[in-house]
Amino acid sequence: MAGKTLYDKLWDSHLVKQREDGSALIYIDRQIIHEVTSPQAFEGLRIAGRQPWRTNANVATIDHNVPTTPFKSAADIEDATSRIQVQTLQDNTREFGITEFGIGDARQGIVHVMAPEQGAVVPGMTVVCGDSHTSTNGALACLAHGIGTSEVEHVLATQCLVAKKMKNMLVHVEGELGAGVTAKDVVLHIIGVIGTAGGTGYAMEFGGSAIRSLSMEGRMTVCNMSIEAGARAGMVAADEKTIEYVKGRPFAPKGDDWEKAAAYWKTLTSDADAVFDQVVEISAAEIQPQVSWGTSPEMVVAIDATLPDPDAETDPVRKSGMQRAYEYMALKPGMKVSDIHVDRVFIGSCTNSRIEDLRAAADVAKGKKKADSVKQVLVVPGSGLVKLQAEKEGLDKIFIEAGFEWREPGCSMCLAMNPDKLQAGEHCASTSNRNFEGRQGNGGRTHLVSPAMAAAAAVAGHFVDVRTWQA
Amino acid sequence: MEKYVIEQGVVAPLDRANVDTDQIIPKQFLKSIKRTGFGPNLFDEWRYLDEGEPGQDNSRRPLNQDFVLNDARYQGANILLTRRNFGCGSSREHAPWALEDYGFRTIIAPSFADIFFNNCFKNGMLPIVLDEAVIDELFRDVKSVEGYQLTIDLAKQLVIRPNGETVSFEVDEFRKHCLLNGLDDIGLTLQHADDIRGYEAKRSSQEPWVFDAH
Ligand code: SF4
């Protein structure tokens, strides 16, 4: 019999019941909760007179709606509807006894930054959140994926999900990454190769020497965007780095449990003879710094490329998608990527707001100034703890001296639910994960890049190749 | 949940691939803490010419006459016909809530994003996957025949065309059962409460740290 994939192992160890109709009940170890997708779930619990099945399986924080300028209480949030959501989460977590890292708590931050940082997610877990980028947590050898609000309620009430097993895909990135090529470039390149629906129906494991060489933060960046390749769950096998990362974190196992846990976690890899339904081979040496040009993350090119010609596209649906994207982005086929000017820059989001990302951006910004033509450069740390660490290292000063704005943690301009937004027609170099129409503000035009590429664009005023660029 | 048995109605053609949930319901409307009332802001950025904000009187906003849902012939549509990878992007259940609130209970496409697909069933909606070639034909029919209607028979798993021709579709047994009977799946899962407790007992002896209080 063939061996098991990491996903097979995680599925098998969480299977509560296989039902005759083909559906299964899967046990959920950890649910992460935020203010936008939970109010209706708590309301549902109340209406049905139900209690959370296991209160301590849940941990909550606020991120999507919060301003990134300092505020002391919910009452300071100007936007009334945002204020109500932040307040509602506080009320709900208090009523049901769920831990919340709320306003003024240094642990508050973007759900997928906060959870690994706290050790609330450890290898071998099943992790869900009413947010599609829950896949980020798969970097810790977890089965982690986004769910809808009805499922948030279902998990609160039963600690289970009704699920069907997905297929197995391995994305194997072998070789050494070039200088200036980051985890973000790896995942954008992968999406460019397999397309935004390439992983639909699959649990996607990232493997190969290039993935193993990434830091835990880098692996999180890669898993974060597996959903942009269509895969609900992305994951990386456990190794020494994984275990080292978890060690000593507040929620992590301690004492005897620690030894036992670490020994078990080492088994969380795909067996050598495991069979995947699909394998995608990528050569690390071919990956270059990436820039998205269109309105879907698969519309991405290398920094030294020219923008693709829709007329060369044979698939009519893709072709019309490209034509529409060119119109929306006000760009032309054949243009050089370095000729795209940026109006704003956003460094942040659950893709790239961890300490390593901020260090990479600061490295580029050090001793330089943002271009006059760039209206605003926002740097938004992923959590209060990331912010404190960055300040300890003096990164905040580097940013401020470069004319960047140093903000409070949250989702910010990744989805523009708070006051941080693009104006219509503006181009933005963004370290976030979605370049959909209007995502960062009505009419805004997003270009997805790595933190180093974003900082360089802020200084140059247009996209540049961080590998060769001299300011 | 309202049962889904046989649905018949006008089909609206949304001829775009990769329609993402940010398009289905833009983020400014996610601030509501309710499940209802999202219909008027469905496809807000495509449907209206101005920028939408929560709490507006939508009946007074300028409409984008080029957008398909504003076309008189598709008023009252309850079946949405669209292209591949519909519902990609965020997990927001506000997307199916908005579609349902507008009146769509059935969405037909060559493929759907996983989370969106799943969310539909939780709200008594049926996403139907058909072959790209069949979808092409349906687009042609809908555009050429005013008032074009389809009938969906869930029990028989058939899409029935006006001329009586049928196209069959796949649907997961469990989901079909829930839709046909309007069942709440939390109640169904809680019927397995003993299995869940048994699982927890076994697992907490193997991985006690998972169950630690914090
Ligand atoms: S940072 Fe962006 S993608 Fe991540 S959770 Fe927040 S809104 Fe979602």
Side-chain angles (χ1 to χ4, degrees), chain A residues 16-17 19 21-23 25 27 29 36-37 39-40 43 48 50 53 56 65 81-82 84-85 88 99 122 124-125 130-132 146-151 153-154 157-160 162 164 196-197 200-201 230 232 250-251 253 257 261 264 296 317-318 321 415-417 434 436-439 442, chain B residues 15-18 20 22-23 26-28 30-35 45 51-52 54-55 83-85 88-94 96 111-116 118-119 122-123 172-175 177 184-186 188-190 192-193 195-196 198-200 203 206-214:
Chain A
V16 172
K17 179 128 195 130
R19 293 193 285 211
D21 55 24
S23 69
L25 283 185
Y27 192 79
D29 297 323
V36 178
T37 53
Q40 297 87 351
E43 187 62 18
R50 292 179 175 130
W53 179 276
N56 73 15
N65 261 320
T81 48
S82 294
I84 291 170
Q85 278 194 339
T88 304
T99 303
V122 299
M125 276 186 166
D131 189 283
S132 60
I147 55 176
T149 297
S150 296
E151 289 177 313
E153 183 184 341
H154 192 280
T158 70
Q159 215 50 52
C160 289
V162 178
K164 223 176 170 179
T196 47
T200 304
R232 288 178 84 170
F251 288 49
D257 271 357
Y264 167 57
S296 159
V317 177
R318 284 176 71 107
L415 93 163
M417 268 184 90
R434 288 191 174 135
F436 299 157
E437 288 182 23
R439 168 85 176 180
N442 202 299
Chain B
D15 200 351
R16 296 188 186 211
N18 295 314
D20 59 75
D22 279 74
Q23 245 51 69
K27 66 242 161 197
Q28 61 269 37
L30 308 190
K31 291 176 181 175
S32 164
I33 57 171
K34 301 204 194 78
R35 270 175 198 262
E45 285 177 20
E51 191 170 341
R83 298 288 186 182
R84 64 180 87 145
N85 202 25
C88 59
S90 103
S91 63
R92 60 186 69 159
E93 200 159 318
H94 311 69
S111 61
F112 292 89
D114 285 341
I115 303 179
F116 175 83
N118 205 26
N119 281 341
K122 308 282 176 192
N123 293 284
D172 184 276
E173 267 312 304
F174 175 74
R175 285 165 163 160
H177 174 74
D184 152 24
D185 61 16
I186 294 182
L188 289 174
T189 298
L190 286 173
H192 299 291
D195 292 310
I196 304 172
Y199 172 86
E200 285 180 322
R203 184 89 190 296
Q206 296 162 339
E207 291 171 71
W209 55 87
V210 170
F211 298 86
D212 279 351
H214 47 258

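The sequence lines fix the lettering, A, B, ..., with proteins before strands; numbering per chain opens at 1.
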Please check this pair: side chain of [X] against backbone of [Y], looking for a donor-acceptor N/O pair closer than 3.5 Å.
X	Y	result
B:Q28	B:G52	yes
A:T149	A:T37	yes
B:S111	B:N85	yes

Contacting region of [X] [heavy-atom separation from chain A under 4.5 Å]:
X	value
B:D184	side chain
B:E45	side chain
B:F211	both
B:R84	side chain

Heavy-atom check, side chain of A:V122 versus side chain of A:P253, under 4.5 Å: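 With C-beta onward as the side chain, the pair touches.
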Is there a side-chain contact between A:W53 and B:L190 in this structure, where contact means two heavy atoms from C-beta onward sitting under 4.5 Å apart?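 Heavy-atom side-chain distance check passes, below 4.5 Å.
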To the nearest 0.5 Å, what is the distance between [atom1] on [X] and [atom2] on [Y]?
X	Y	atom1	atom2	answer
B:D114	A:K164	CG	NZ	12.0 Å
A:Q85	A:M417	CD	CE	5.0 Å
B:H94	B:R35	NE2	CZ	9.5 Å
B:R203	A:D29	CZ	CG	4.0 Å

Can you say whether [X] sits under 4.5 Å from chain B via the side chain, the backbone, both, or neither, judging by heavy atoms?
X	answer
A:V162	side chain
A:R434	side chain
A:T158	both
A:N65	side chain
A:A416	both
A:T196	both
A:L25	side chain
A:Q40	both

Near A:R318 CZ, under 6.0 Å, is it more than 12 heavy atoms from other residues, nucleotides or ligands?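 Not more than 12 within 6.0 Å, no.
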Find the one option among [options] whose heavy-atom pairs under 4.5 Å with chain A are most numerous.
options	value
B:R83, B:K34, B:R92	B:K34
B:K27, B:E200, B:E173	B:K27
B:K31, B:E93, B:Q23	B:K31
B:N18, B:D172, B:L30	B:L30
B:C88, B:P54, B:A193	B:A193
B:V210, B:T189, B:D185	B:T189

If you tally heavy-atom pairs under 4.5 Å against chain B, which of [options] wins?
options	result
A:S296, A:G22, A:G438	A:G438
A:S82, A:P39, A:S150, A:A197	A:S150
A:A157, A:G230, A:A261, A:C160	A:A261

Check A:K17 with B:D195, please: is the shortest side-chain N to carboxylate O separation under 4.0 Å?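 Answer for the salt bridge query: yes.
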For B:N118 and A:E151, test the side chains for any donor-to-acceptor distance below 3.5 angstrom and give the result as yes or no.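 Yes, because at least one side-chain N or O of B:N118 sits under 3.5 Å from a partner of the opposite role on A:E151.
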List the atom of B:F174, the atom of B:L188, and the distance in Å for their closest heavy-atom pair.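 The pair with the smallest heavy-atom distance is CE1-CD1, 3.9 Å.
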